[in-house]
Protein chains: 2
Amino acid sequence: MSSKYALNRDNVTLSSRLVTSMRSAILAGDLKGGERLSERAMTEMFGVSRSLVREAIQVLAVEGLVTVVPHKGPTVTLLDQKAAADLYRVRGSLEGLACEEFTRHASEDQRQELFAIFDRLKDMLGREDADDLIEAKNDFYRCLLTGADNDVLEQMFTQLNNRIVQLRRFTLSASGRFPETLKEIGAIIDAIRDGDGASARLLAEAHVAAAAAVVIRRFAELEKTSEL
Amino acid sequence: MSSKYALNRDNVTLSSRLVTSMRSAILAGDLKGGERLSERAMTEMFGVSRSLVREAIQVLAVEGLVTVVPHKGPTVTLLDQKAAADLYRVRGSLEGLACEEFTRHASEDQRQELFAIFDRLKDMLGREDADDLIEAKNDFYRCLLTGADNDVLEQMFTQLNNRIVQLRRFTLSASGRFPETLKEIGAIIDAIRDGDGASARLLAEAHVAAAAAVVIRRFAELEKTSEL
DNA sequence: TTCAATCATATTGTCAGACAATCTGTCAAT
DNA sequence: ATTGACAGATTGTCTGACAATATGATTGAA
């Protein structure tokens, strides 16, 4: 019997906690894109041995957050415009799938929770606080993925989303789009309410594509001004 | 300039070669689902130190090929029916995306190559050889992904496909479906020929769903006979 | 001055060995 | 049959060592 009282076996080892911690540091921007992650610096920063640092770096490399060049050392992956476009394209597909599966599989409780989170988002219009917004969005996706009831999808989507977080610079500077964002998500929510998974999927893909377009444009502008 | 003459920097370290080798061993079935991967056994099997074995196992764990339980040790991930269903669902979505992107981005050469590979597949009808078929399918996907021109998609699809390879037992026993398979892929090819990415996508998803249905059914049968 | 070859230094790649923490199976006691 | 304690095996983590490679400085020559 695997009851809900079972103790959590994850993150019990130093190794796994280190991975979590390093990942957080990257996502929070404390380790910035392009920054070198020398083993020496990492052992000091996290207070663990070289072995663990090396293991963690390999793991984050598979996740795409870190780029390793043999004999030169790892760096925090730096995304170019093409990579950003590629990421968003796949993300749109997976987000669409998540919406469709949520429509099909979510329990009534899960549906109500999703609707409630959306209401929370709506209430933020006008007095947008960056951190609150990020938290609400995270809740939204967590709920969506839980209801979609597909572990593989959850894992891949999460990985993808982590990589996209590194583009936060651009997504924040594009936050003037918040009203449209709300409208688009609202349409998705309505489709889910109606049990229309196919529409929810298409709307979700379109939503991601629209968000991506803004980010990519912003990207192009900044590249033009600050590049060689 | 990153020319096509650039030397390959991957797989130069023992570490990366070990990962490749262990992954191959799993995909080839030399390390079977559920099998324990004790560090001791792995150091002997691959002739490297414990450090490298541990790193490789972590990497394969992120890829989903290996499952690690703290203080108990890693095993080759064993898929249950739900996991198989989840994998195929996501794979359908990504394969659909790949087809659509191929239609949109592939060069004329890449299109011709894809068509040629499909002809090779067609010629196998009747005298199907398992290894030849697997090779042709791999070529097909490699070509498809190259033409789709999306590194993120390529990486995720490859990872997903690797995990699905562990279901080969079931897909092979379902090879009586080869004529239908050819018909379905043929329809996809036609859509790509017509430049109709949306159709190609839908057809690809349907194709994966049909293949998945067979595998899942086979799965249920075998589970019933051989289980507790 | 500029360019190329050389060399010193720092960093990464790999190994071996040690000890602590945890798991698993055994066996005696109740 | 269940409990508790114990022993052996395996994993988790650290440290130190040395080899392989990259980087930057230095030197020498055109």
Side-chain angles (χ1 to χ4, degrees), chain A residues 1-3 5-23 25-26 31-32 34-63 65-78, chain B residues 1-2 5-23 25-26 31-32 34-63 65-78 228:
Chain A
M1 86 191 121
S2 85
S3 84
Y5 296 108
L7 295 178
N8 181 16
R9 290 289 204 182
D10 302 336
N11 272 6
V12 292
T13 67
L14 241 196
S15 182
S16 59
R17 277 185 288 155
L18 173 63
V19 171
T20 303
S21 190
M22 272 187 83
R23 190 191 291 118
I26 293 174
L31 297 173
K32 297 188 205 313
E35 189 170 340
R36 301 202 49 193
L37 303 173
S38 86
E39 297 179 356
R40 181 117 183 305
M42 294 302 104
T43 56
E44 284 170 7
M45 176 166 179
F46 296 96
V48 297
S49 71
R50 250 184 99 198
S51 330
L52 294 200
V53 166
R54 289 183 59 86
E55 284 184 18
I57 283 174
Q58 303 271 35
V59 166
L60 296 175
V62 178
E63 294 183 3
L65 293 176
V66 163
T67 303
V68 178
V69 181
H71 292 288
K72 279 183 69 174
T75 57
V76 178
T77 301
L78 193 57
Chain B
M1 88 191 119
S2 85
Y5 297 108
L7 294 178
N8 181 16
R9 289 289 204 182
D10 302 335
N11 273 8
V12 292
T13 68
L14 239 198
S15 182
S16 59
R17 277 186 287 154
L18 173 63
V19 171
T20 302
S21 191
M22 272 187 82
R23 190 191 291 119
I26 293 174
L31 298 172
K32 297 187 206 313
E35 188 170 340
R36 302 202 47 191
L37 303 173
S38 86
E39 297 178 357
R40 181 115 184 306
M42 294 303 103
T43 55
E44 284 170 6
M45 176 167 179
F46 296 96
V48 297
S49 71
R50 249 184 100 198
S51 328
L52 294 199
V53 167
R54 289 184 59 87
E55 285 183 17
I57 282 173
Q58 304 270 38
V59 166
L60 296 175
V62 178
E63 294 183 3
L65 293 176
V66 163
T67 302
V68 178
V69 180
H71 290 289
K72 280 184 67 174
T75 58
V76 178
T77 301
L78 193 57
L228 53 156

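These values consider heavy atoms only, across backbone and side chains, with no hydrogens, waters or symmetry-generated copies.
Considering only residues two or more places apart in sequence or on other chains, B:Ser38 meets the side chain to side chain donor-acceptor pair (under 3.5 Å) condition with none of them. In terms of the side chain to side chain donor-acceptor pair (under 3.5 Å) criterion, residue partners of B:Thr20 (sequence neighbours excluded) are, by chain and number, B:Asn11. Partners of B:Glu63 under the salt bridge (Lys or Arg N to Asp or Glu O under 4.0 Å) rule, at least two apart in sequence or in another chain, are B:Arg23. A:Thr13 is linked by a side chain to side chain donor-acceptor pair (under 3.5 Å) to A:Ser16, counting only residues two or more places apart in sequence or in another chain. For A:Glu44, the salt bridge (Lys or Arg N to Asp or Glu O under 4.0 Å) partners two or more places apart in sequence, or in a different chain, are A:Arg40. Shown here are the side chain to side chain donor-acceptor pair (under 3.5 Å) partners of B:Thr67, two or more places apart in sequence or in another chain: B:Thr77.
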Donor-acceptor pairs are to be reported for all side-chain atoms of residues 45-53 of chain A against protein atoms at under 3.5 Å, with residues two or more places apart or in another chain.
{"unit_1": "A:Arg50", "atom_1": "NE", "unit_2": "A:Glu39", "atom_2": "OE1", "d": "2.5"}
{"unit_1": "A:Arg50", "atom_1": "NH2", "unit_2": "A:Glu39", "atom_2": "OE1", "d": "2.9"}

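Rounded to whole Å, the distance from CZ on A:Arg50 to P on C:dA10 is 15 Å. Distance B:Phe46 CZ to C:dT14 P: 15 Å, rounded to the nearest Å. Atom CZ in A:Arg9 sits about 9 Å away from atom C1' in C:dT22, given to the nearest Å.
Across all strands, A:Ser51 comes closer than 4.0 Å to base atoms (heavy-atom distances).
Within residues 34-43 of chain B, the residues approached by DNA chain D to less than 4.0 Å at the level of any non-hydrogen atom are B:Ser38, B:Glu39, in residue-number order. DNA chain C is contacted by A:Pro70, A:His71, A:Lys72, A:Gly73 of residues 65-74 of chain A, taking any non-hydrogen atom closer than 4.0 Å.
The closest side-chain heavy-atom distance from A:Leu65 to A:Met22 is not below 4.5 Å.
Atom CD1 of B:Ile57 sits about 10.0 Å away from atom OG1 of B:Thr75, to the nearest 0.5 Å.
First and last contacting nucleotides of DNA chain D toward chain B (any atom under 4.0 angstrom from a heavy atom, 5' to 3' order): D:dT11 to D:dA22.
Each salt bridge (Lys or Arg N to Asp or Glu O under 4.0 Å) pair with one or both residues in residues 66-75 of chain A, not counting sequence neighbours, would appear here, but there are none.
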